[in-house]
There are 2 protein chains.
Amino acid sequence: MGRPQMSGEDNLLRLVEAEDGDENNYHLQDQVGFILRKAHQRHVSIFASHIGDLTPPQFAALAKLYDIGETSQNQLGTLIAMDAATVKGVIDRLKARGLVELAKHEVDKRRLLVNLTAEGREAIERLIPLARTITEETLAPLTAKEAATFLRLLAKLA
Amino acid sequence: MGRPQMSGEDNLLRLVEAEDGDENNYHLQDQVGFILRKAHQRHVSIFASHIGDLTPPQFAALAKLYDIGETSQNQLGTLIAMDAATVKGVIDRLKARGLVELAKHEVDKRRLLVNLTAEGREAIERLIPLARTITEETLAPLTAKEAATFLRLLAKLA
DNA sequence: TCAAATTCATTCGTATGCAAATGATATCAG
DNA sequence: CTGATATCATTTGCATACGAATGAATTTGA
């Protein structure tokens, strides 16, 4: 309890602040950032337990390519919320595994087009059902109604 | 819209699945993991805009040490939800900046004790008010009631 | 007691994640 | 038309994040 090395002045301060709503009593576990980080960690762990050979960002890239088809690396990054440096690493690793293929844009020579390979398409089709399970397990501590509320509010923050 | 390279068989499949609740229509942006990742990214960005010289994990370490006083590196990691390898890096960097100091445990020679320096204590006392601002800004898209609901449900998931 | 299991810390390897700088290309404005 | 801007991609550097392996120290249990 309390802060260590608490001096007499600190005790006095505490009394004053108690009248003011205990403002100095900062608890990390009540902060939205800390809980958000832990919830995210838990989800990543659940993801890994169901899909061991792909990370959530890699899955996101494949799922988005499956949804929209060939697109530029930069545009893909925008759609899956990754900056250019991050998306490059993700795509490089997917390419190394033969799940996506790259091509130069014929008109705009700056652009690098990304698309699923046949193998990548098979993989994402196989994995999407597992992703539904992962979502369910992540939300399992909530009732259906709570989960709906949570997703609505979370979307407002994202 | 729809999947690229859609064949006649795929169109047939779509009709069948439409009767079954459109199960094949997987959208990344509706998945809790993806939204959680984006909400977390947004929070980190808000954090950085207010506290530029410390990361959220570094802040968490200092705040926890301020709360509970000297503890072992391993125990600190448990309290701030970081594995041993991660917490070591965080503490190493805080040590290099003179915000924490390390000492060997006299009885249990495996343990490495971590504590705030005077400078570290000053820093965290100065930063805690900013952390409250960060929390407020992160939750700003929600009403007070929504924020309370959100935090309650998020805690259940973390 | 003492071998087995556990705990604490470190190290290595891999994978995000982002800021900043750079180079190539494309677009815009005067 | 052309210089200023903007966009796309890459690279570098730093900071989490975690699995797995390792070594040292402690605790457990037969």
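Predicted, not measured: the structure shown is a model, and the values here were computed from it. Letters A, B, ... mirror the listed sequences (proteins, then strands); counts begin at 1. In what follows, every heavy atom counts, from backbone to side chain, and hydrogens, waters and symmetry copies are set aside.
- Candidate nucleotides D:dC18, C:dG17, D:dT26 were compared by shortest atom distance to the side chain of B:Asp108, and D:dT26 ranks first.
- Judged by atom type and distance alone, B:Arg110 does not reach the base of D:dT26 through any side-chain donor-acceptor pair under 3.5 Å.
- Judged by distance alone, the side chain of A:Thr117 and the main-chain N or O of A:Gly98 form a donor-acceptor pair under 3.5 Å.
- Proximity of A:Thr55 to the phosphate of C:dT16: a side-chain N or O atom is located under 4.0 Å from OP1 or OP2.
- Rounded to a whole Å, the CG atom of B:Leu36 is 17 Å from the P atom of C:dT16.
- Rounding to whole angstrom units, NZ of residue A:Lys104 and C1' of D:dC8 are separated by 14 Å.
- Residue A:Gln58 places at least one side-chain N or O closer than 4.0 Å to OP1 or OP2 of C:dT16.
- The interatomic distance linking A:Leu54 (CG) with D:dG19 (P) rounds to 17 Å, in whole Å.
- At distances below 3.5 Å, not a single donor-acceptor pair connects side-chain atoms of A:Arg37 with backbone N or O atoms of B:Pro56.
- In terms of position along DNA chain C, the nucleotide closest to A:Arg93 lies nearer the 5' end than the nucleotide closest to the other residue of the pair A:Val107 and A:Arg93.
- A:Ser72 comes within 4.0 angstrom of the backbone, heavy atoms only, and of no base.
- Going from atom CG of B:Asn74 over to atom P of D:dC18 covers 14 Å, rounded to whole Å.
- Dashed line: the shortest gap from a side-chain N or O of A:Arg111 to OP1 or OP2 of C:dA26 is not under 4.0 Å.
- If you check residues 79-87 of chain A against DNA chain D, the residues with a heavy atom closer than 4.0 Å are A:Ala84, A:Ala85, listed by number.
- Side-chain contact between A:Arg97 and A:Leu54: present, with at least one pair of heavy atoms (C-beta onward) separated by less than 4.5 Å.
- We find that CZ of A:Phe47 is positioned 13 Å from C1' of C:dA15, with the value rounded to whole Å.
- Between B:Asp53 atom CG and C:dA19 atom P there is a gap of 16 Å when expressed in whole angstrom units.
- Using a 4.0 Å heavy-atom distance criterion, A:Val44 is classed as making no nucleic acid contact.
- In this structure, A:Phe59 and A:Phe47 have perpendicular ring planes: the angle between them is above 60°, well past the 30° mark.
- Of the possible donor and acceptor atoms, one in the side chain of B:His105 sits under 3.5 Å from a partner among the backbone N and O of B:Asp108.
- The distance from atom CZ of B:Arg97 to atom P of D:dC14 is 14 Å, rounded to the nearest whole Å.
- A:Ser45 places no side-chain N or O within donor-acceptor distance of the main-chain N or O of A:Gln41, the cut-off being under 3.5 Å.
- The one candidate from B:Leu99, B:Asp53, B:Leu94 that meets the side chain to side chain contact (heavy atoms under 4.5 Å, CB included) condition with B:Gln58 is B:Leu94.
- Listed candidates were C:dT10, D:dT16, C:dT16. Nearest to the side chain of B:Val90 is D:dT16.
- The CD1 atom of B:Ile91 sits 14 Å away from the C1' atom of D:dA15 (whole-angstrom rounding).
- Residues B:Leu157 and A:Arg42 share a closest heavy-atom pair of O-CD, 3.0 Å.
- An OP1 or OP2 oxygen of D:dT10 is reached within less than 4.0 angstrom by a side-chain nitrogen or oxygen of A:Gln73.
- With D:dA17, C:dG17, D:dT26 as the candidates, the nucleotide lying closest to the side chain of B:Lys109 is D:dT26.
- When the nucleotides C:dA15, D:dC8, D:dT10 are ranked by their closest atom to the side chain of A:Leu112, D:dT10 comes out on top.
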